[in-house]
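All values derive from a computational prediction rather than experimental measurement. Throughout, residue positions are numbered sequentially from 1 according to the sequence presented.
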Amino acid sequence: MPGTKVLTAHVPIELADKVDSLAESSERSRGWIIKRALAEYIERAELRQAMIQQGLDAVERGETVSHAEAATWLKSLGTANPLPLPGVKKRG
């Protein structure tokens, strides 16, 4: 088993009560619920950061679409004839 480290956090009573309720209803420990929630949060945060970095890298390479192209495409969504996703154009 890998090593562990104790983390301490003050949480609102309402949130702690929800953790306790979920632990009881799922027949899991409070620690299990918190570890699972933290792991899932970190996974989503890392993915979000990676996606942001991909976008910044694309901008650095000049791969962008204009605001007008994006706005036109967005306005077409949900209509009878949605436009295809605008193509990325190398700018610079």
Side-chain angles (χ1 to χ4, degrees):
M1 176 180 225
T4 62
K5 186 175 190 176
V6 174
L7 301 176
T8 302
H10 291 268
V11 298
I13 292 172
E14 183 177 304
L15 181 57
D17 290 345
K18 288 180 180 183
V19 169
D20 290 340
S21 178
L22 185 56
E24 185 177 329
S25 67
S26 63
E27 297 182 359
R28 298 285 187 169
S29 69
R30 177 192 286 170
W32 189 92
I33 298 294
I34 292 170
K35 282 187 272 187
R36 181 72 184 241
L38 184 57
E40 289 181 16
Y41 174 82
I42 296 295
E43 185 179 327
R44 285 192 313 271
E46 288 174 339
L47 177 60
R48 182 174 49 251
Q49 283 302 114
M51 291 172 72
I52 289 169
Q53 190 59 54
Q54 286 175 351
L56 292 172
D57 292 345
V59 169
E60 283 288 318
R61 292 188 304 270
E63 299 171 359
T64 61
V65 295
S66 72
H67 179 268
E69 291 170 306
T72 300
W73 173 73
L74 282 170
K75 287 179 185 175
S76 79
L77 297 180
T79 67
N81 297 309
L83 296 173
L85 187 65
V88 172
K89 294 177 184 69
K90 186 91 170 170
R91 307 247 188 233

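- Listed by chain and number, the residues in a side chain to side chain donor-acceptor pair (under 3.5 Å) with Asn81 amount to none (sequence neighbours excluded).
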In residues 8-23, what donor-acceptor pairs under 3.5 Å come from side-chain atoms, sequence neighbours left out?
residue: Asp20; atom: OD1; partner: Arg30; partner atom: NE; Å: 2.7
residue: Asp20; atom: OD1; partner: Arg30; partner atom: NH2; Å: 2.8
residue: Asp20; atom: OD2; partner: Arg30; partner atom: NH2; Å: 3.0

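- Of the inter-residue distances, the one linking Glu60 atom CD with Gln53 atom CD reads 9.0 Å to the nearest 0.5 angstrom.
- Pro86 and Trp73 get closest at one heavy-atom pair: CD-CG, 3.5 Å.
- Smallest separation of non-hydrogen atoms from Val65 and Ala70: CG2-CB, 4.4 Å.
- Atom CD of Glu27 sits in a sparse spot, with 12 or fewer heavy atoms from other residues, nucleotides or ligands closer than 6.0 Å.
- For the atom pair CD of Gln49 and CG of Leu56, the computed distance is 9.5 Å after rounding to the nearest 0.5 Å.
- Ile34 and Leu7 fall into different hydrophobic clusters, where Ile, Leu, Val, Met, Phe, Trp and Tyr residues are linked whenever their side-chain heavy atoms come under 4.5 Å apart, directly or through other members.
- The backbone N or O of Glu69 lies less than 3.5 Å from no partner atom in the side chain of Thr72, so there is not a single donor-acceptor pair.
- To the nearest 0.5 Å, atoms CZ (Arg48) and CZ (Arg44) are separated by 8.0 Å.
- Of the inter-residue distances, the one linking Leu47 atom CG with Ile52 atom CD1 reads 10.0 Å to the nearest 0.5 angstrom.
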